[in-house]
Amino acid sequence: LINDELAKRKGVFQDVGIDINQTGTTGDVVTIQGLQTNQFDISDGGPVATTVANSEGANFSMIGATSRKLYYAIYASPRITSAQDLVGKNFGVGAVGSLPNLVMESWLRSQNIDPKSLSFAALGPTPEIFKAVAAGKVDAGVAGMDFLPEARRQGLSVLTDRVAEDLPNYFMLGIYVRADDLKDARLRETHTRFLTAVAQTNRLVYDKRNKDEWIKAAVELQARNPEDMSFFYDFMVDRRMLAANVEFSQQQVQYIQEENIKNGVQKQALPFERVGTLELQQEVVRRIGEFKYPA
């Protein structure tokens, strides 16, 4: 939402000829339902939801991504100091089957921990998970890295801020549409322009001359501590977390589907063409050039 607000203030969508009307939802399931019923024309959300929906007969297509990596950290009560300490504990996640839930199951396996050895508590959006950890309502939980400064002020244990590095083939947010809409030349062009605006927005964020304006938008939208938002901005930019070319790969989609199968939410992997297309993303790069990430 912060990046979207910056885009509005900079006139990014107007510049590509897009009149955008944004609607927030309570999660990927609601977003998928909205796309299915033509309430929404295009959506972003965790890359898990569409692959699972398509495996059950839906027909969505991922056309781009807004992030290259996961934004998650794992917070815990001070007495929990290692991943192994989580065994037998109560762990806060989003809704059952949500991206935070499934990512945590994958992360636990990467640490040689059986996810079934924990008790998962569905607590809603990640800010609510962080509040529950801070209040001692759960032993640990997953939330955004923007809460790292607050966690340290409160003396919470930060088990890791490197979930992205542990699960490098996961990405946070994909952009998806109804696959049949891509057959319509007018809609296809509109979707390409939307992706172009997302890419340009992410490039604006990487330009540190826009840092103060980004922080101002964050504080106004979320009533957050400006110092915390400054930290998060630097963390996000320095770790190259945004997809400035709205890029994702077939390999990432295959990996996510394999993790879905391990997590029990998808029976079998679908061919890439049943899940997404790279054609619109590649057209965006042809139009505005490839963004070169700083070394």
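None of these values were measured; they are calculated from a predicted model. As a basis for the values below, the full set of heavy atoms in this structure was taken, side chains included, without hydrogen atoms, waters or symmetry mates.
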**Q** Do you know the tightest heavy-atom contact between Ile288 and Thr196?
**A** CG2-CG2, 3.8 Å
**Q** Between Gln154 and Glu150, does any side-chain donor sit less than 3.5 Å from a side-chain acceptor?
**A**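 Result is yes, a qualifying pair exists.
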**Q** Check for me, please, whether Leu173 and Met145 land in the same ILVMFWY cluster - side-chain distances under 4.5 Å, paths through other members count.
**A** yes
**Q** On a heavy-atom basis, which atom in Leu123 and which in Ala132 lie closest, and how many Å separate them?
**A** CD1-CB, 3.6 Å
**Q** Say you draw a straight line from NE2 of His191 to CD1 of Ile18; how long is it, rounded to the nearest 0.5 Å?
**A**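 It comes to 9.5 Å.
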**Q** When you measure from the centre of the six-membered ring of Phe147, is the NZ or CZ of Arg224 under 6.0 Å away and within 45° of the axis?
**A** yes
**Q** Is the side chain of Tyr75 donor-acceptor paired with the backbone N or O of Gly144 at a distance under 3.5 Å, no angle test?
**A** yes
**Q** Would the Phe194 and Phe13 ring centres measure less than 6.0 Å apart?
**A** yes
**Q** I need the Thr31 OG1 to Asp44 CG distance, nearest 0.5 Å.
**A**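 Output value for this atom pair is 7.5 Å.
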**Q** Judged by atom type as modelled, is there a donor-acceptor pair below 3.5 Å linking the side chain of Tyr170 to the main-chain atoms of Tyr255?
**A**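 Checked: no pair found.
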**Q** Please verify the inter-ring angle class for Phe91 with Phe120; under 30° counts as parallel, over 60° as perpendicular, anything in between as tilted.
**A** perpendicular
**Q** Has the side chain of Ser230 got a donor or acceptor atom that lies under 3.5 Å from a matching backbone atom of Glu227?
**A**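 No, the answer is negative, given that no donor and acceptor are paired below the 3.5 Å cut-off.
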**Q** Checking Glu259 side chain against Leu102 main chain: does a donor-acceptor pair fall under 3.5 Å?
**A**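 Not confirmed, Glu259 side chain does not pair with Leu102 backbone.
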**Q** With a 4.5 Å cut-off on side-chain heavy atoms, are Leu280 and Leu182 touching?
**A**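 In short, these two side chains touch, coming nearer than 4.5 Å.
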**Q** Search all heavy atoms of Thr192 against all heavy atoms of Val284 and return the closest pair with its distance.
**A**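 The answer is O-CG2, 3.8 Å.
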**Q** Can you tell me how far the OG1 atom of Thr190 sits from the CG atom of Leu195, to the nearest 0.5 Å?
**A**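 Separation between the atoms: 11.0 Å.
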**Q** Decide yes or no for Val142 and Trp107: does some side-chain heavy atom of the first lie under 4.5 Å from some side-chain heavy atom of the second?
**A**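 Val142 vs Trp107: side chains apart.
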**Q** Which value, rounded to the nearest 0.5 Å, describes the distance between Met241 atom CE and Arg68 atom CZ?
**A** 9.5 Å
**Q** To check you understand the geometry: which heavy-atom pair defines the closest contact between Val133 and Ala140, and what is its length?
**A** CG2-C, 3.6 Å
**Q** Set out, in order, the CA-CA distance, both residues' side-chain angles and the distance that settles side chain to side chain contact (heavy atoms under 4.5 Å, CB included) for Asn169 and Ile256, then state yes or no.
**A** CA-CA 8 Å; Asn169 287 316; Ile256 289 169; over 6 Å; no
**Q** If you count the non-hydrogen atoms of other residues, nucleotides and ligands that lie under 6.0 Å from NZ in Lys216, is the total more than 12?
**A** no
**Q** Will you find, in the side chains of Arg109 and Asn263, an N or O donor that is under 3.5 Å from an N or O acceptor?
**A**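 On atom types as modelled, these side chains qualify, holding a pair under 3.5 Å.
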**Q** Which is it for Asp41 and Arg178 under the side chain to side chain contact (heavy atoms under 4.5 Å, CB included) test, yes or no, and what are the steps along the way?
**A** CA-CA 8 Å; Asp41 297 309; Arg178 291 177 292 273; 3.4 Å; yes
**Q** Looking at Asp146 and Asp228, what are the two nearest heavy atoms and their distance?
**A** O-CB, 4.5 Å
**Q** May I ask you to test the Arg239-Arg162 pair for a side-chain heavy-atom distance under 4.5 Å?
**A**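 Yes. Closest side-chain heavy atoms under 4.5 Å.
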**Q** Taking the side chain as everything from C-beta on, heavy atoms only, tell me whether Asp139 gets closer than 4.5 Å to Arg79.
**A**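 Yes, their side chains come closer than 4.5 Å.
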**Q** If you define the side chain from C-beta out and look only at heavy atoms, does anything of Val205 sit under 4.5 Å from Asn210?
**A** no
**Q** Evaluate salt bridge (Lys or Arg N to Asp or Glu O under 4.0 Å) for Glu189 paired with Arg193, printing each intermediate quantity in order.
**A** CA-CA 6 Å; Glu189 172 62 18; Arg193 290 185 183 186; 2.9 Å; yes
**Q** Would you say CZ of Arg209 has more than 12 non-hydrogen atoms from neighbouring residues, nucleotides or ligands within 6.0 angstrom?
**A** no
**Q** Can you confirm whether Leu1 is buried at CG, in the sense that more than 12 heavy atoms of other residues, nucleotides or ligands lie under 6.0 Å from that atom?
**A** no
**Q** Give a yes or no on whether the backbone of Ala197 and the side-chain of Thr201 come within a donor-acceptor separation of less than 3.5 Å.
**A**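 Yes, because the side chain of Thr201 sits within donor-acceptor range (under 3.5 Å) of the backbone of Ala197.
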**Q** Determine, stepwise, if the pair Lys137 / Asn90 fulfils side chain to side chain contact (heavy atoms under 4.5 Å, CB included).
**A** CA-CA 9 Å; Lys137 294 180 180 179; Asn90 195 21; over 6 Å; no
**Q** Has Asn54 got a side-chain atom pairing as donor or acceptor with Arg274's backbone, closer than 3.5 angstrom?
**A** yes
**Q** Tell me, yes or no, whether the heavy-atom count around Lys89 atom NZ, taken from other residues, nucleotides or ligands under 6.0 Å, exceeds 12.
**A**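 Correct, the count exceeds 12.
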**Q** Check the angle between the aromatic planes of Tyr206 and Tyr293 and answer parallel, tilted or perpendicular using the 30° and 60° thresholds.
**A** perpendicular
**Q** For Phe291, is there any backbone N or O sitting under 3.5 Å from a side-chain donor or acceptor partner on Asn245?
**A**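 Side chain of Asn245 to backbone of Phe291: a pair is present.
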**Q** How are the rings of Phe232 and Trp214 set to each other: parallel, tilted or perpendicular (split at 30° and 60°)?
**A** tilted
**Q** Ignoring hydrogens, what is the shortest heavy-atom contact between Glu279 and Arg286? Give both atom names and the distance.
**A**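 Glu279 and Arg286 have their closest heavy atoms at O-NH2, 4.2 Å.
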**Q** Kindly determine whether Ile63 and Ile42 satisfy side chain to side chain contact (heavy atoms under 4.5 Å, CB included), including the steps that lead there.
**A** CA-CA 10 Å; Ile63 60 172; Ile42 190 167; 4.0 Å; yes
**Q** Would the distance check show the side chain of Ser157 and the main-chain N or O of Ala76 forming a donor-acceptor pair, the cut-off being under 3.5 Å?
**A** no
**Q** Can you check whether Met62 reaches Pro47 side chain to side chain, under 4.5 Å on heavy atoms?
**A** yes
**Q** Kindly indicate whether the side chain of Leu270, heavy atoms from C-beta on, has any atom under 4.5 Å from the side chain of Thr51.
**A** no
**Q** So, are Glu283 and Arg188 salt-bridged, with charged N and O less than 4.0 Å apart?
**A**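 Salt bridge: no.
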**Q** With the side chain counted from C-beta on, respond yes when Pro100 and Thr126 share a heavy-atom pair under 4.5 Å apart, and no when they do not.
**A**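 With C-beta onward as the side chain, the pair touches.
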**Q** Using only atom types and a distance under 3.5 Å, with no angle test, would you say the side chain of Asn202 pairs donor to acceptor with the backbone of Ala243?
**A**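 Side chain of Asn202 to backbone of Ala243: a pair is present.
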**Q** More than 12 non-hydrogen atoms from neighbouring residues, nucleotides or ligands closer than 6.0 Å to CD on Glu273, yes or no?
**A**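 More than 12 within 6.0 Å, yes.
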**Q** Between Glu258 and Lys262, is the closest basic N to carboxylate O distance under 4.0 Å?
**A** no
**Q** Drop me the distance from Phe231's CZ to Ile215's CD1, to the nearest 0.5 angstrom.
**A** 12.5 Å
**Q** So if I apply the side-chain contact (heavy atoms from CB on, under 4.5 Å) rule between Val87 and each of Leu108, Ile113, Asp114, which one comes out positive?
**A** Ile113
